[in-house]
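Quick notes on the structure that follows.
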There are 2 protein chains.
Amino acid sequence: MIMDDRKKRILQAIIDDYIDKAEPIGSRTIARKYELGLSSATIRNEMADLEEMGYLAQPHTSAGRVPSDKGYRLYVDKLMPARDLNHEEIRELKSATETRVYELSQLLKQATAVLSGFTKYTSMAVTPRMRNSTIKAIQIVPIEPGKALVIVVNNAGIVKNSLIKFAEQANSEMLGRITNLLNDKLAGLTFEQADIEQIKTLGREIGVSGEILAPILEGTADCIYQMGDHEMYVEGSTNILNHPEYKDMDKARQFLSMLDEKTSICRALSGSAQPFGITVRIGSENDLSSIRDCSLVTVSYNVSDTMAGTIGIIGPTRMEYSKVISSIRYMKKLVSDEIDRLLGREPDSV
Amino acid sequence: MIMDDRKKRILQAIIDDYIDKAEPIGSRTIARKYELGLSSATIRNEMADLEEMGYLAQPHTSAGRVPSDKGYRLYVDKLMPARDLNHEEIRELKSATETRVYELSQLLKQATAVLSGFTKYTSMAVTPRMRNSTIKAIQIVPIEPGKALVIVVNNAGIVKNSLIKFAEQANSEMLGRITNLLNDKLAGLTFEQADIEQIKTLGREIGVSGEILAPILEGTADCIYQMGDHEMYVEGSTNILNHPEYKDMDKARQFLSMLDEKTSICRALSGSAQPFGITVRIGSENDLSSIRDCSLVTVSYNVSDTMAGTIGIIGPTRMEYSKVISSIRYMKKLVSDEIDRLLGREPDSV
DNA sequence: TGTTAGCACTCTGTGTTGGCGAGTGCTAAT
DNA sequence: ATTAGCACTCGCCAACACAGAGTGCTAACA
């Protein structure tokens, strides 16, 4: 059987309608509502063909048709109407980067909040995994007697800090010596590559007690750990409850507990990462079995040339793909520009 | 009508049973299950009395009885069986403070996660509101050319920092002068009391351009803002879906969207704060109308002598009060000890 | 040969009905 | 004061009928 233009038009009409109404569509409805110049009987025949080809499914005999994952796939790839954001919508999305942020985490929180509010689906984001980032600089700042802040900057310009406590007094001259030692020995390395024993030995040689050095190394490790850890933001998780496919309590609970599990979201988001452009995973295309009846639209953003995080929108497979895709595309641009600003590069210089 | 001992025993039996079963209790059930030495008819009469007195309610004629808010109140105040945590349970709660934390936020995240897992209700926590904390010290640390970290310590020993960017070069000698100026002028004050214009003038006098000073002041303000802001953690929000009173979708949605609103939770938690001990707000005792059919158990923890945050557990009014109360009491102790450790005072010295 | 009108058939959702069971309140006996 | 007995109430559930939407097939038509 061949997929001619008429079939495509009919399929598009069915999916458009289903995305809007969430109810199986009958041939009569299509014939009446969309001006295809065809009778319901003809459409009926075509629908039977489309079902045979796997683009449509029938919940039961004598019900209307519903798009299958394969149908959505064709829709997203070829049939979907282009959707340009109007001024009003652009203004709404832009609000995500209007209040000035100081940190990536804040930026992502606002971006996901705006995206979920705008699309009425659930929005998520993860920070880049910087497992193999290298240490650029370390600073130790005394805060008050017995307390200091260890500050680590990595090669992406990300700054993390950790508050440490000394059991005994450490004067600033000694902290200076330790700072130099650490920068000498750690700069350019990942923390895994660092030889902690060597540093302890060298520390003793320049007269630094283990009591002082240990918490500093621990604080450094904590900073590195913070950098290596995914941070994750989810907004609008309850939006899913507004969609009729989740009126069933058990399905809703399953979805929400999936969102509570940090690891599953990370897997879902990172798994579908693609260097550029937008990825759409429809239903069974998702690796994660618990979201087999959801669609996940993701895009990755760059923090430095080597590290990328991901933003995603998840909703029922019956999703307003065109709206979701255009809004996530625009949000990626907003976030990328803002990151460039945060990290000190001007957007136009990139 | 007088509330004699027998009535109390019956009321307790009804509430115990209802907490367990979530279904209206009939007189026959009580007579059979609890050995009160009374026939169902007698209990029936007593139940009618208890309803008239407002401790019980009847969903409809010929249904069993259900405790009212007033009934729960008496139960919590007088009838509730004491509940001691066993070793296993203590071990589970203790796991909240076993992985070493560096920050209050981490500590609260773990505490709420463990509490919600243990009780199967929703657990929340807010950090203290430090609106009127005063500035103890400010440091400016150059990170790389054009970037620096502003660090502010307040009188409670809480450290916040903010990454800033300079439009022009700032040498470390100049940053030192600014640091001294800021400490001179701001130490001991709240940020509202600070005279920013005066600082700008003084800055110009010692040869610091506005281009340099402005981001520093902005970074300082950001730190103060972070301190003044409530941070809030919610864990186990989907636990509510496991309780039959929330099998109705709309109620569940309402509950979950309440949790999404930061402000409402803050209001709920802070509103019920009481300097010491545990507060139980049952159903209509809550100010917030959206949780009129929930009970909220809160306890506050001290960060310094003047500042306190709150931990809470929220669930249906049909809640295992004794378990919730004993576990939140124990968690308060764990969190308090851990905060003392974090802020450098040893638990035993307090 | 593709399109359409007509028709019998299928299946779900909804409203109705009737019996069952749990529980109550009241009365009279203990 | 307590209890046995009884009539009554009301929600729950299964059975049933039925309307409505939609299908597939056949035959007629352009």
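Chain letters run A, B, ... following the sequence lines, proteins first, then strands; residues in each count from 1.
- Comment: B:Asp287 does not engage B:Arg267 in a salt bridge, judged by the lack of any side-chain N to carboxylate O separation of less than 4.0 angstrom.
- A salt bridge is absent between A:Asp4 and A:Lys8: the closest approach of a Lys/Arg side-chain nitrogen to an acidic carboxylate oxygen does not fall below 4.0 angstrom.
- In this structure, A:Ser62 does not reach the C:dC9 phosphate: none of its side-chain N or O atoms is under 4.0 Å from OP1 or OP2.
- Counting distance only, with no hydrogens placed and no angle test, the side-chain atoms of B:Arg44 and the base atoms of C:dG25 include a donor-acceptor pair under 3.5 Å.
- Spacing between atom NE2 of A:His60 and atom P of D:dG20 amounts to 17 Å, rounded to whole angstrom units.
- Of the two residues contacting DNA chain D, namely A:Pro24 and A:Ala41, the nearest-nucleotide position lying further toward the 5' end is that of A:Pro24.
- Across the protein-nucleic acid pair, B:Ile25 atom CD1 and C:dT24 atom C1' stand 15 Å apart, rounded to whole Å.
- Computed from coordinates, the B:Asp4 CG to D:dA1 P distance equals 12 Å when rounded to whole Å.
- Using a 4.0 Å heavy-atom cutoff across all strands shown, A:Ser40 reaches no nucleic acid atom at all.
- Salt-bridge check for A:Arg318 with A:Glu245: passed, with a basic side-chain N closer than 4.0 Å to an acidic carboxylate O.
- Nucleotide D:dT23 holds its P atom 10 Å from the CD atom of A:Glu51, rounded to whole Å.
- Between C:dT4, D:dC10, D:dT3, one nucleotide has an atom nearer to the side chain of A:Asn45 than all others, and that is C:dT4.
- Contact between the side-chain N/O atoms of A:Arg6 and the OP1/OP2 oxygens of C:dT3 is found at a separation under 4.0 Å.
- Proximity of A:Ser27 to the phosphate of D:dG22: no side-chain N or O atom is located under 4.0 Å from OP1 or OP2.
- Evaluation of atom-type donor-acceptor distances gives no pair under 3.5 Å for the side chain of B:Thr61 against the base of D:dT9.
- Phosphate contact (OP1/OP2 of D:dT2, side-chain N/O of B:Ser39, threshold under 4.0 Å): absent.
- At a threshold of 4.0 Å, the pair A:Arg73-A:Asp77 counts as salt-bridged, since one of the basic side-chain nitrogens sits closer than that to a carboxylate oxygen.
- Distances shown here put a side-chain N or O of B:Arg65 below 4.0 Å from the OP1 or OP2 atom of C:dT24.
- Considering only the side chain of A:Thr42, C:dT4 comes nearest among C:dG25, D:dT3, C:dT4.
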